[in-house]
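Below is one structure; the comments refer to it alone.
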Amino acid sequence: MATKVLMEALSPTMEEGRVIKWLKHEGDTVKSGETLAEVETDKAVMELVARGDGVLRAVLVAEGTTVEVGKLVGVIAAANEDISMVTGGAPKTAALPAAAPAASAASAASAASAASAASRAHQALSTPAPAPAPAGRVRASPLARRLATEQGLDLGGVAGSGPGGRIVKRDLEGAAAAIPPSLVSRPSSPGGSRDVPLTQIRKTIAKRLSQSLGPVPHFFLTAEIDMERAWDAREALNKLDTGHRVSFNDLIVKFTALALLKHPECNAWWMDDRIRYFSDVHIGMAVAVEDGLITPVIRNAHTKGLREIAAESKDFAERARSRKLKPEEYTGSTFSISNLGMLDIDQFTAIINPPEAGILAVGSIVQQPVVHEGQIVARRRMRVTMSCDHRVIDGATGARFLQTLRQMLENPLTMVW
Amino acid sequence: MPILTYRDALNQALREEMERDPNVFLMGEEVGVYQGAYKVSRGLLESFGEKRVVDTPITELGFAGVGVGAAMVGLRPVIEFMTWNFALLALDQIINSAAKMLYMSGGQVPIPIVFRGPGGAARQLGAQHSQAFESWYAHIPGLKVVTPATPADAKGLLKSAIRDNNPVIFLEGEMLYNMKGEVPEGEHLVPLGLADVKREGSDVTIICHSKTVIPCEKAATALAEQHGVSAEVIDLRSIRPLDTETILASVRKTNRCVIVEEGWPFCGVGAQVVDEIQRVAFDDLDAPVIRVTGADVPMPYNKALERATKPNVDSIIEAVKTVSYMD
């Protein structure tokens with residue numbers, strides 16, 4: 001029995017993948033679980049593994065080619081097995097000739113053709129040869145498509161048992177359980193959370209605001225924070241020369257996590273019919289990469305020491321730039337931080353990473369003349385802007401969180417308080 | 001309940017309707033003295049006399065036209081064609097007069113007429129006498145088309161057809177005339193446009209009419225016993241009006257469908273049924289609908305070839321297996 005090699009969804013948001021390198025070639029014997037190819041997803045370079053044993057009989061996509069998730073890229077089968085049915089719709093196969101038109105009544109009228117009438121009677125019954133599928137299209141019966149939509153399944157990951165690989169109803173029975181979570185459209189949830197069904201007022205707020213400002217109705221809260229003490233604290237720590245230099249970003253990650261612990265109403269996901277509040281804080285940290293950005297996640301940032309956070313974020317940033325992050329390392333954050341301070345941006349607004357309810361945009365620390373204890377003096381100041389999903393967070397809620405964050409950053413000892 | 005043959009059930013319907021309504025009369029070749037080529041009109045001349053059981057010359061166009069004229073002035077004629085193959089000669093009266101008169105008179109002149117006789121193939125009657133015409137007549141707006149498959153339906157549908165104020169094409173089965181079955185006595189009316197679920201099932205819908213109901217029921221039994229497939233068999237009974245409600249309810253339940261008919265495939269009855277299904281129940285289909293039809297050839301005279309052109313139990317089972325992805 002042939003096993004199809006399909007472009008799999010190797011990240012939760014992956015819609016297409018680029019085959020970078022085939023590690024196995026046509027004719028190679030492969031075992032289930034062995035790596036067949038390296039695939040570049042929207043986030044990283046991942047491994048595409050064999051889902052069956054046999055010989056890699058066909059490689060249907062050249063290196064460097066980008067194909068949609070769910071598309072047939074190869075076939076694993078026994079050495080002498082006929083795989084033409086499986087490769088029927090693949091680009092390597094020449095298009096099949098159109099089905100011969102039915103014999104006309106006129107030609108059938110001759111006595112000689114009467115003998116072939118019997119065989120034509122069966123023509124309508126036999127399964128027609130599979131027509132070439134348009135590239136990348138998932139072949140599924142209308143019913144299977146409807147059921148998949150209802151169950152939130154991605155048909156790209158389902159193997160079809162019908163003619164020409166058509167996905168039919170029976171292929172979906174139990175598929176919800178069998179499909180890896182990465183193929184299910186809704187993101188998997190990090191542990192330690194509670195779901196709260198929407199109250200009517202939250203439903204109304206969500207509906208009205210979404211109509212007003214797109215699907216995620218943002219609003220923005222800006223605070224200017226005095227960073228003198230944080231500056232001193234960081235200087236002191238880095239003087240210890242432990243081998244771990246603490247950045248301001250590390251400080252902000254840590255304090256944001258602690259502030260979120262005090263304001264769990266901002267540490268939440270919008271789940272359409274409910275809001276999921278988390279008791280643990282997982283901070284997504286936006287990292288610029290060559291042609292985009294990625295948000296590796298500092299898990300349980302509220303429990304980690306500054307040194308630990310510093311080491312982890314340094315490692316993440318490096319691996320993000322070389323595209324070596326694993327999907328589990330850049331998914332499941334409960335709140336995100338985007339810092340453009342090092343690029344001399346004073347203040348900006350960041351766009352929320354759904355389903356999270358908030359993101360903090362951090363500007364640079366600059367010396368400014370401010371009134372401090374009755375005197376105009378130069379102080380180091382930093383502006384942060386929190387983008388809030390108004391369906392989850394109201395103005396006062398977000399403001400109270402920022403108030404706590406400011407108090408903490410302005411008095412770093414609160415970290416151990 | 002009395003057991004009657006299909007022919008006697010038709011006879012009973014004619015007798016009851018002629019007794020009930022003096023405007024009803026029977027006309028056609030050999031319907032009187034000879035009592036019908038297939039003995040459907042046995043005893044009617046004796047009971048109702050020459051005025052209401054009228055033997056005609058061999059002039060299909062002529063007596064069809066006389067029938068349409070009689071209907072125009074308020075009678076309710078039943079026109080018997082010895083077979084529907086001969087009715088080809090009367091098509092102008094059926095299509096251009098009977099079907100259109102109500103429309104062209106602005107609703108003033110209804111044509112309450114029944115054209116009836118055996119349709120479809122029998123055995124070795126050759127190309128010109130072995131054809132199923134239901135799709136021809138069903139194509140015409142203004143005609144109703146009825147195809148009873150059992151004695152009870154033959155009686156109930158003929159009584160309803162005679163009482164209907166529109167021209168009704170009533171296609172009997174030559175091979176069905178000797179078929180026996182329970183027939184309710186007296187006022188047994190089967191409404192036109194209502195299909196009958198002959199057998200309930202959950203895995204596949206088999207749609208059929210007229211003679212093909214028999215192989216479909218046999219196929220359903222074999223599928224249950226040998227393949228564990230639960231097939232629902234729907235006898236359309238009326239081709240027009242078509243009972244789409246019953247068809248769609250069944251397809252929504254089973255998600256797959258096979259349509260069986262004796263006629264030719266091109267523009268056949270099944271083509272219309274497929275159109276209804278794919279348009280309305282698209283999202284309920286798990287497989288393309290497949291049709292089992294007569295072969296796309298004039299009927300061969302040779303016995304073996306003739307058998308091979310007709311839908312049969314094996315070809316129906318094969319089609320069910322295909323739509324069930326069982327191969």
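In what follows, chains carry the letters A, B, and so on, assigned in the order in which the sequence lines appear, proteins first and then strands, with residues in each chain numbered from 1.
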> Taking it one step at a time, do B:Asn255 and A:Lys169 satisfy side-chain contact (heavy atoms from CB on, under 4.5 Å)?
Replying inline: CA-CA 9 Å; B:Asn255 309 130; A:Lys169 182 181 168 191; 3.2 Å; yes
>> Using side-chain contact (heavy atoms from CB on, under 4.5 Å), reason through A:Val168 and B:Asp286 one step at a time and then give a plain yes or no.
In response: CA-CA 6 Å; A:Val168 298; B:Asp286 202 28; 3.6 Å; yes
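The number of heavy-atom neighbours closer than 6.0 Å to CH2 of A:Trp22, taken from other residues, nucleotides and ligands shown, is above 12. Within a 6.0 Å sphere centred on CD of B:Gln124, heavy atoms belonging to other residues, nucleotides or ligands number more than 12. For B:Glu276, the CD atom counts as densely surrounded, since its 6.0 Å shell holds more than 12 non-hydrogen atoms of other residues, nucleotides or ligands. Residue-environment remark: CZ (B:Arg123) stays at or below the threshold of 12 foreign heavy atoms within 6.0 Å. Within 6.0 Å of NZ on A:Lys31 lie no more than 12 heavy atoms contributed by other residues, nucleotides or ligands.
Checked for salt-bridge contact, B:Asp284 and A:Arg146 meet the test: a charged N lies under 4.0 Å from a carboxylate O.
Rounding to the nearest 0.5 Å gives a distance of 9.0 Å between OG of A:Ser141 and CZ of B:Phe282.
Looking at every heavy atom in both residues, B:Tyr325 comes nearest to A:Arg166 through OH-NH1, 2.8 Å.
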